[in-house]
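Residues take their numbers from the sequence shown, with the count starting at 1.
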Amino acid sequence: MIGNGSRALGRKAGGSVRQEPRDPVGPGRQRTAGAREAAPQSPSPDAALDAWHGYLAAARQLDGVRRGAAAAAGEQARSVQAAREELTEVRARLATQQTRLHERGVPPISLVPSPPELTESARSMAGGPATVLAALRTARGRADAADAALVARHPLRPASWSARPRNLLVYGPLALLVPLIQVVVYVATGAGPASVAALIFGLPMPAVAFVAGWVGIGRLFRPGPNERLDRTSRFGALVCLVPAVLVTAGLLLAMLAG
């Protein structure tokens, strides 16, 4: 009986297993539907066009920033170059003024900036190349004003004159020396051998007078450390030649007429 009961239970269990309903959809179909729902949808044409316009706007903005940075860098480089040139000129002007003031008895300690002045100048130049350039131009203007003040106080000092009037003080007397001697010899001796010898002797004298004046200007008017002395060579040659030509022509006409 026990065996018959066991077989009966086995049949019931087998029948219950066979009678279990199956899902018509199945797990594979469920996964396929879930994957379809999770797949991203393709963007619409309007969204793609909006994204493209946003990209173009960002590119234009980036290009504007780049152009602005390049322009600022170029302006800064030009300011630096101009500041260097201005600094060279201001240094030369200050060195010349320092030499002139030292020659006029100004103590050297008064020609050197004090520590508070250096601190104030360094603080005023901390704003970049443009600020430094503006400060250097202001310094050049003050140097011009100082030169004008020095000339106004010493109007009869030849060193403060312009180049041509100053050099005329040297070329002029040398150019007139030999023609005056020729006129004196002619007045004293008349149209004789002495006057002829004086004329022949005076032919190379304009060149000698020019060379003597060129050397004398360098000895009389000392330039500053960074200053170039203008000897006005063409003007000096003309000054030395004109009196000799006029006096020689006049003496020759006088001799021929006599």
Item to check | Atom pair CZ/CD1 of Arg166 and Ile217 - distance to nearest 0.5 Å | outcome: 7.0 Å
Item to check | Distance (rounded to the nearest 0.5 Å) between Asn167 CG and Thr232 OG1 | outcome: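 With rounding to 0.5 Å, CG (Asn167) is 3.5 Å from OG1 (Thr232).
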Closest non-hydrogen atom pair between [X] and [Y], with its separation:
X      : Y      : answer
Gly218 : Leu229 : CA-CD2, 3.7 Å
Leu174 : Gly213 : CD1-N, 3.3 Å
Val239 : Ala175 : O-CB, 3.3 Å

Checklist entry - By side-chain contact (heavy atoms from CB on, under 4.5 Å), which residues pair with Leu220, not counting sequence neighbours? => result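 side-chain contact (heavy atoms from CB on, under 4.5 Å) list for Leu220, sorted by chain: Val170.
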Checklist entry - Mind checking what makes side-chain contact (heavy atoms from CB on, under 4.5 Å) contact with Ile181, not counting sequence neighbours? => result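 By the side-chain contact (heavy atoms from CB on, under 4.5 Å) rule, Ile181 matches Leu177, Val185.
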Under 4.5 Å side-chain linkage, directly or through intermediates, the cluster mates of [X]:
X      : answer
Leu203 : none
Val178 : Phe201, Met205, Val208
Trp52  : Tyr55, Leu56

With a 4.5 Å cut-off on side-chain heavy-atom distances among I, L, V, M, F, W and Y, is there a chain of contacts connecting [X] to [Y]?
X      : Y      : value
Leu176 : Leu251 : no
Leu252 : Val187 : yes
Leu241 : Ile200 : no
Val215 : Tyr171 : yes
Tyr186 : Leu199 : yes

Item to check | Test side-chain hydrogen bond (donor to acceptor under 3.5 Å, both in side chains) applied to Thr248 - qualifying residues, sequence neighbours left out | outcome: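 By the side-chain hydrogen bond (donor to acceptor under 3.5 Å, both in side chains) rule, Thr248 matches no residue at all.
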Please name all residues satisfying salt bridge (charged side-chain N to carboxylate O under 4.0 Å, His left out) with [X], sequence neighbours left out, ordered by chain then number.
X      : value
Glu89  : Arg140
Arg219 : none
Arg142 : none
Arg234 : none

Item to check | Criterion salt bridge (Lys or Arg N to Asp or Glu O under 4.0 Å) on Asp63 and Arg66, from CA distance to verdict | outcome: CA-CA 5 Å; Asp63 184 67; Arg66 182 185 63 81; 2.8 Å; yes
Next on the checklist: Taking side-chain hydrogen bond (donor to acceptor under 3.5 Å, both in side chains) as the cut-off, I'd like each qualifying pair that reaches into residues 207-216, sequence neighbours left out, listed once.
Outcome noted: none
Checklist entry - Which residue pairs pass the side-chain hydrogen bond (donor to acceptor under 3.5 Å, both in side chains) test with at least one member in residues 188-212, sequence neighbours excluded? => result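 Residue pairs passing side-chain hydrogen bond (donor to acceptor under 3.5 Å, both in side chains), neighbours aside: Thr189-Ser195.
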